[in-house]
Participant: 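The structure follows.
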Amino acid sequence: MTDCSILSGYWQDRLDVNARSAIFHQWEQLEQSGCIDNFRIAAGEKDGFREGWFFADSDAYKWLDAAARIYATHPNPRLAQMMDEFIALLGRAQSPDGYLYTYNQIHFPGIRWTNLQIEHELYCHGHLIEAGVSHYQATGQTAMLAIARRAADRIVADFWDAGPEQTDGHEEIEIALLRLFEVTDHRPYQEMARRFLERRGRIPRYALHILRQYADMLRRDRLVRRKRQEYLQTHPEHAAFRLAPGNVARTPWNATLRWYINALSGKCFQQHAPLHRQTVPVGHAVRFGYLMAAAAMLARLDGNRSLLPVMEQAWEHMVSRRMYVTGGIGSLPSIEGFGRDYELDPEYAYAETCAAIAGVLWNWEMAQLTGNARYSDLLEWQLYNAVSVGMGLDGTAYFYNNPLASRGRIERRAWFAVPCCPSNLSRTLASLHRFIYSEGLEELQIHQYTGSRWVGKWGEVEMESGLPWDGRVRLRLAPRRPTPFTLSLRMPSWADPIEVRVNGSAQMIPAPPPVSPTASGYDPRLSQWLSLRRTWARGDTVEIAFGMPIVLRRAHPRVRGHRDKVALTRGPLVYCLESVDNPTVDLFRVALSPESLEAVFDADLLGGVVKIVGRGRRGEALTFIPYHLWGNRGPSRMTVWVREK
Ligand code: FUB
Ligand code: ZN
């Protein structure tokens with residue numbers, strides 16, 4: 001896991017917050033919300049009532065996954081002890097045959113795999129398995145891996161020859177089984193993932209099936225509520241228990257109707273068509289991203305690329321018509337997923353943090369499969385904007401959905417009734433080092449620019465980077481002996497001009513390819529590789545200067561409500577106006593004077609940022625901050641898109 005270490009700069013600071021604050025805050029919240037007690041109850045060690053959603057177990061597994069990944073780079077005995085104790089608890093809660101799903105174990109003992117479309121049973125097992133893989137990779141210990149394998153073996157035994165109804169409504173198990181295959185080399189895990197993917201979208205009369213599952217879920221939920229009432233009669237003190245509030249999202253008037261249409265057609269769960277026909281991104285955005293990530297992982301692992309054109313088309317469609325300028329996906333809050341082409345309302349934008357994380361996973365797989373720079377470009381953009389916005393500066397306050405405009409109803413919160421994003425974010429941040437370098441037969445690719453050291457088959461590379469504030473990057477190569485290979489550098493879509501010098505001598509930069517306008521105004525397809533082939537020797541240096549002008553991005557004319565509006569970006573960052581910096585300005589009406597804009601470093605603002613200052617057409621002073629930092633200073637209004645006229 002650690003052939004690359006992040007050593008300095010912007011991401012290093014974020015990783016420190018993740019390791020020193022976020023992970024401990026999340027554990028406290030999991031304890032307070034009863035999520036960990038659910039395992040104690042399942043293990044028969046605590047008398048209590050199981051609380052939280054049926055998929056609550058997954059949040060604890062994602063915490064363990066995150067903790068393990070953090071431990072790999074920030075070892076800490078306290079964290080190790082917390083992990084060990086939790087793993088021991090999981091071992092006691094797990095049924096002897098590998099099954100572990102506290103909702104059924106506690107409320108419906110003996111009942112299994114009955115509501116796969118809605119209740120996330122396989123999704124939870126998937127996160128359990130992923131935690132096992134991460135813990136093993138981080139520590140080399142096998143206790144958690146053994147729990148994960150027992151669960152995976154149960155699934156292989158129960159689902160090997162199952163029908164299409166036996167596929168999960170929330171993809172995740174596929175990624176988990178493939179990750180488990182990667183560390184165990186046990187082929188049935190890979191084959192099981194392939195079968196789950198292959199079976200999707202083939203359930204006969206899906207509308208009827210999902211209605212039955214929905215009715216069954218409600219019936220079971222009513223039983224749980226009744227049990228709760230009975231429990232409260234003997235334990236009145238438990239009546240005070242409250243889950244954290246749900247997230248707040250602005251929804252369009254026809255949200256419920258659209259939920260039904262999406263659910264009955266199967267689109268919400270990517271069950272509307274077999275995978276080889278899923279060329280358009282639809283439905284729940286996290287599920288869609290996990291599905292695509294799993295399909296791409298499988299292609300990488302088994303070498304069968306027959307689905308690659310499907311994924312490429314789906315990606316093109318998403319980028320050109322269904323993605324926000326932040327890289328966020330999902331414009332329909334009711335289904336937490338994709339709307340129609342060009343339907344990108346900034347206030348309704350759901351753009352869940354987990355959906356952007358799914359995008360990162362998918363992009364990384366596509367980058368490895370195709371070697372195309374566009375995927376790493378979008379990965380970077382999503383990380384800096386649609387993912388990072390999910391965690392506040394001190395690691396203890398989160399967003400769930402990430403609109404691009406807020407009139408004051410959305411605030412960061414310590415926790416949510418559905419806390420799927422915080423630990424997902426933490427495990428992603430803790431793995432950033434995986435997305436920076438990749439090594440081919442005769443090629444070293446640099447996908448991301450961040451202060452880091454990489455050790456590979458030829459030797460070492462050290463990188464210093466001023467991003468995202470300053471476009472200067474410096475690489476020092478130290479091959480063990482002079483070695484011929486190609487050093488490929490991603491030329492970001494956002495950089496203009498670009499200068500690259502190898503040992504002081506300037507290199508030719510390829511011109512970006514022609515592209516048609518995207519819905520959002522951001523286009524990762526402009527990114528490409530600069531390939532430098534030579535015999536590299538110890539002490540060689542590459543100096544890069546990425547031009548980072550302030551860019552005024554315009555939405556496609558078919559995106560409603562965006563005419564005469566611009567979104568400001570600089571380098572990989574999207575900017576926004578927040579009322580805290582502009583208390584006397586009407587953010588939604590002010591018209592910008594583009595020629596007045598200037599980028600200024602402000603050491604006292606939000607821990608030190610480059611802000612963009614300028615004027616409105618009536619002389620109003622305007623201050624723009626990086627979008628991912630909004631909401632760190634109490635309640636506020638915010639907008640990314642600003643009038644130009
Ligand atoms: O349902 C599990 C997770 O919680 C999903 O990925 C999120 O969208 C949220 O619904
Ligand atoms: Zn989430």
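Each ligand, and each atom within it, is numbered from 1 in the order the structure gives.
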Participant: R50 vs D57, test: salt bridge (charged side-chain N to carboxylate O under 4.0 Å, His left out). Steps then yes/no.
Facilitator: CA-CA 11 Å; R50 185 201 180 278; D57 297 358; 3.7 Å; yes

Participant: Of all the non-hydrogen atoms in the protein, which one sits nearest to atom 1 (O) of ligand 1, and at what distance?
Facilitator: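 Nearest protein contact, heavy atoms only, for atom 1 (O) of ligand 1 is H120 NE2, 2.8 Å.
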
Participant: Give the residue, atom name and distance (to 0.1 Å) of the protein heavy atom nearest atom 10 (O) of ligand 1.
Facilitator: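 Of every protein heavy atom, E336 OE1, 2.9 Å lies nearest to atom 10 (O) of ligand 1.
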
Participant: Can we call the ring centroids of H107 and F49 under 6.0 Å apart?
Facilitator: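 Yes, ring centres under 6.0 Å apart.
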
Participant: Consider ligand 1: state whether an atom of it lies below 4.0 angstrom from any non-hydrogen atom of W53.
Facilitator: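 For ligand 1, residue contact (heavy atoms, under 4.0 Å) with W53 is absent.
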
Participant: If only side-chain N and O atoms count, and only distance matters, is there a donor-acceptor pair under 3.5 Å linking R179 with S134?
Facilitator: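 There is such a pair (donor and acceptor under 3.5 Å, judged by atom type) between the side chains of S134 and R179.
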
Participant: Taking both backbone and side-chain atoms of R287, is any N or O found less than 3.5 Å from an N or O belonging to ligand 1?
Facilitator: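 Such a contact does not occur with ligand 1.
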
Participant: Relative to F108, does K227 satisfy both conditions: NZ or CZ under 6.0 angstrom from the six-membered ring centre, and within 45 degrees of the ring's axis?
Facilitator: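 Yes, a cation-pi geometry holds between K227 and F108.
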
Participant: Is F416 close enough to touch ligand 1? Criterion: a residue heavy atom under 4.0 Å from a ligand atom.
Facilitator: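 No.
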
Participant: Take the Zn ion (ligand 2) as the vertex and measure to OE2 of E352 and SG of C354; round to 10°.
Facilitator: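 About 110° at the Zn ion (ligand 2).
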
Participant: How far is atom 9 (C) of ligand 1 from its nearest protein heavy atom, and which residue and atom name does that atom have?
Facilitator: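 Result: Y400 OH, 3.1 Å.
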
Participant: How close does the nearest protein non-hydrogen atom get to atom 6 (O) of ligand 1, and which residue and atom is it?
Facilitator: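 Ranked first by proximity to atom 6 (O) of ligand 1 is H170 NE2, 2.7 Å.
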
